[in-house]
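Since the structure comes first, as structure tokens, the remarks are kept for the end.
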There are 2 protein chains.
Amino acid sequence: MEKPRKSTSRGVGRQKVRGHSPANRSLQRGIEILRAFRPGSEVLGNGDIAERTGLSRATVSRLTQTLVGAGYLERDTALRAYRLGAPVLSLSHSMRSGSSLLAVATPLMLETAMAHKINVGLAVRDRDEMVYLESVRYSARASLRKVVSGQRVPIELTSLGRAWLAVTSAAERDGFIAHVRLKRTQHWPQLKVELERAIASVRRYGYCMATWQPEVVALATPIVIEGRLVCILNASLTTTVRPQEVVAALKNPLLELAKRIALAAR
Amino acid sequence: MEKPRKSTSRGVGRQKVRGHSPANRSLQRGIEILRAFRPGSEVLGNGDIAERTGLSRATVSRLTQTLVGAGYLERDTALRAYRLGAPVLSLSHSMRSGSSLLAVATPLMLETAMAHKINVGLAVRDRDEMVYLESVRYSARASLRKVVSGQRVPIELTSLGRAWLAVTSAAERDGFIAHVRLKRTQHWPQLKVELERAIASVRRYGYCMATWQPEVVALATPIVIEGRLVCILNASLTTTVRPQEVVAALKNPLLELAKRIALAAR
DNA sequence: CTTGCATTTCCATCTGTTGGAATGGGCGAG
DNA sequence: CTCGCCCATTCCAACAGATGGAAATGCAAG
């Protein structure tokens with residue numbers, strides 16, 4: 001007679017058990033649905049969404065209808081699927097136009113990128129990834145510079161993420177490291193060493209180095225204003241010369257720029 | 001104490017009048033809160049949000065907490081207010097990277113903007129505004145071109161919006177016109193004439209013209225693919241010469257580009 | 001036409017959400 | 001420094017509406 005177990009789907013919503021954080025379940029779920037749309041899976045059917053979020057098909061169907069009504073999802077009837085709608089672009093636009101940090105940082109970043117012919121990026125942490133607020137890509141030809149934002153990169157493999165790890169609270173750092181240990185059991189020993197080195201490097205020199213993508217060497221440094229971690233700045237370039245030389249070339253521009261941003265944003 | 005926003009959002013949810021439109025109220029409300037953050041009001045306290053959305057303070061407080069937990073809002077403790085969080089940038093990024101329309105349109109738009117030294121934009125309708133998917137701003141100095149997206153412009157005053165009006169369904173057009181008549185009682189007679197002219201122009205010549213901002217003349221044309229309205233394309237430039245001359249200069253590039261985009265996006 | 005799969009709707013259950021009122025906290029005026 | 005104001009948060013009982021399973025519908029391929 002007892003209900004067997006709805007623990008799978010209900011479990012997700014039950015995270016309010018510990019402590020009190022008045023969380024609206026429907027809203028949470030709706031946002032998880034939006035978050036399921038990410039580069040590589042920009043077109044999802046109700047079934048895909050149900051699978052990725054752990055929600056029941058019926059619930060997904062209703063929530064997607066609501067999101068379509070709100071304009072944040074569009075249905076592609078041919079593919080029986082949804083994609084994100086144009087109104088989400090307005091959220092970005094509002095977010096960016098309201099950010100005083102970006103207002104002061106972007107011109108300085110452009111300046112540094114042009115002066116040293118390097119890429120410069122600014123990111124914050126979101127869950128288990130870093131999100132670029134702004135990324136200025138320097139390109140030799142025609143001084144073409146492309147600016148992207150919203151791109152996500154993994155914390156554990158990038159200079160950005162490791163710099164964040166170095167300056168976040170011990171609790172968050174330990175929690176995240178435990179998470180990664182399970183996620184990357186394969187290369188964990190190697191990875192662990194790299195993380196420890198990066199964290200030590202940030203503490204000693206103010207920056208750390210990583211090469212996540214082949215031939216791209218990146219340095220990152222945290223920006224702290226009034227004792228509060230604000231964001232992570234990085235500088236990178238594509239090259240085949242030895243990383244050590246790149247570090248020597250990048251570290252001063254990076255630290256200098258970080259100082260200027262911190263000063264201007266105060 | 002009128003609450004136009006409330007009636008709008010309720011209206012959407014209440015379309016279950018004729019049977020069924022499973023709308024999740026909490027999710028709708030949460031999204032209305034996000035939508036309340038727009039250029040000009042990027043920093044809102046719970047009170048402001050309650051006022052703008054017509055929700056009770058208690059409800060707003062709970063929903064904002066949920067949104068903060070999800071990362072879509074950030075609290076600014078100093079100002080006792082919220083602003084949009086960085087993760088919304090990822091939604092834009094995903095939306096853009098999944099849009100096959102943008103993939104084909106952006107290079108063509110850049111090409112046309114450079115070749116004719118004009119601004120080119122692509123937009124869709126969202127509620128009572130047009131939202132730019134992409135906007136290539138041509139600038140003489142150093143061929144500096146700035147690309148923005150997510151910006152919103154009013155339907156009734158812009159070439160983009162009027163071109164949309166001309167090709168949308170009669171029901172939506174009539175509904176919107178009724179809405180504008182109430183919103184702009186002041187200049188309604190003048191506006192009505194302009195709207196009718198624009199609509200006739202789109203039907204006869206395929207485009208319409210408007211100067212919303214001083215010294216900026218814009219033309220717009222709808223892009224229809226397989227009988228389905230997809231988006232609106234516009235071309236504009238800043239000038240002091242007579243509008244008629246500008247129209248002559250812009251109309252061919254605009255219509256040509258629209259054709260190429262429609263062809264490539266099929 | 002039938003078959004098969006995915007989505008949507010129906011329905012009874014009951015959880016989670018709601019607004020008003022009480023409480024808590026921060027800030028400025030005095 | 002204290003007081004008083006204002007805004008945000010929490011509490012509470014009431015109940016609207018969200019939920020998952022099952023049935024129905026829709027769609028496409030065979």
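In what follows, chains carry the letters A, B, and so on, assigned in the order in which the sequence lines appear, proteins first and then strands, with residues in each chain numbered from 1. Side chains are part of it too, since the values below use all heavy atoms of this structure and drop only hydrogens, waters and symmetry mates.
- Every residue two or more places apart in sequence or in another chain that forms a salt bridge (charged side-chain N to carboxylate O under 4.0 Å, His left out) with A:Arg152 is listed here: A:Asp126, A:Glu129.
- Taking the side chain to side chain contact (heavy atoms under 4.5 Å, CB included) definition, one finds that B:Val180 meets it with B:Glu156, B:Phe176, B:Arg184, B:Trp188, B:Leu191, sequence neighbours left out.
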Evaluate A:Glu32 against A:Arg52 for salt bridge (charged side-chain N to carboxylate O under 4.0 Å, His left out), listing each step before the verdict.
CA-CA 9 Å; A:Glu32 285 314 310; A:Arg52 277 157 216 253; over 6 Å; no
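- Residue A:Ile199 holds its CD1 atom at 9.5 Å from CZ of A:Arg162, rounded to the nearest 0.5 Å.
- Under the rule for a salt bridge (charged side-chain N to carboxylate O under 4.0 Å, His left out), B:Glu42 has no partner lying at least two apart in sequence or in another chain.
- Contacts with DNA chain D (heavy atom under 4.0 Å) in residues 40-49 of chain B: B:Gly45, B:Asn46, B:Gly47, listed by number.
- Atoms CG (A:Leu63) and C1' (C:dT7) sit 14 Å apart, rounded to a whole Å.
- Each of B:Ala58 and B:Ser26 was assigned the nucleotide of DNA chain C with the nearest heavy atom; the assignment lying further toward the 5' end belongs to B:Ser26.
- In this entry the distance linking CD of B:Gln65 with C1' of D:dT9 reads 7 Å, nearest Å.
- Contact check, B:Arg75 against D:dT9: a side-chain N or O comes under 4.0 Å of OP1 or OP2.
- In this structure, B:Leu55 places its CG atom 15 Å from C1' of C:dG20, rounding to the nearest Å.
- In this entry the distance linking CZ of B:Arg62 with P of C:dG20 reads 11 Å, nearest Å.
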Mind listing the side-chain donor-acceptor pairs of residues 256-265 of chain A below 3.5 Å, one per line with the distance, residues two or more places apart or on another chain?
unit_1	atom_1	unit_2	atom_2	d
A:Arg260	NH1	A:Glu111	OE2	3.3
A:Arg260	NH2	A:Glu111	OE2	3.1

Give the table of side-chain donor-acceptor pairs shorter than 3.5 Å for residues 82-89 of chain B, with sequence neighbours excluded, one pair per line with atom names and distance.
unit_1	atom_1	unit_2	atom_2	d
B:Tyr82	OH	B:Thr64	OG1	3.4
B:Tyr82	OH	B:Arg75	NH2	2.8
B:Arg83	NH1	A:Gly98	O	3.0
B:Arg83	NH2	B:Asp76	OD2	3.0

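- A residue-by-residue look at B:Thr64 and A:Ala78 shows that B:Thr64 has its nearest nucleotide of DNA chain D further toward the 5' end.
- Across the protein-nucleic acid pair, B:Asp76 atom CG and D:dC7 atom P stand 17 Å apart, rounded to whole Å.
- Counting to the nearest Å, the C1' atom of D:dA24 and the CZ atom of A:Arg57 are 16 Å from each other.
- Residue B:Asn24 contributes atom CG, which lies 18 Å from atom P of C:dT15 at whole-angstrom precision.
- B:Arg25 has its CZ atom 11 Å from the C1' atom of D:dC15, to the nearest Å.
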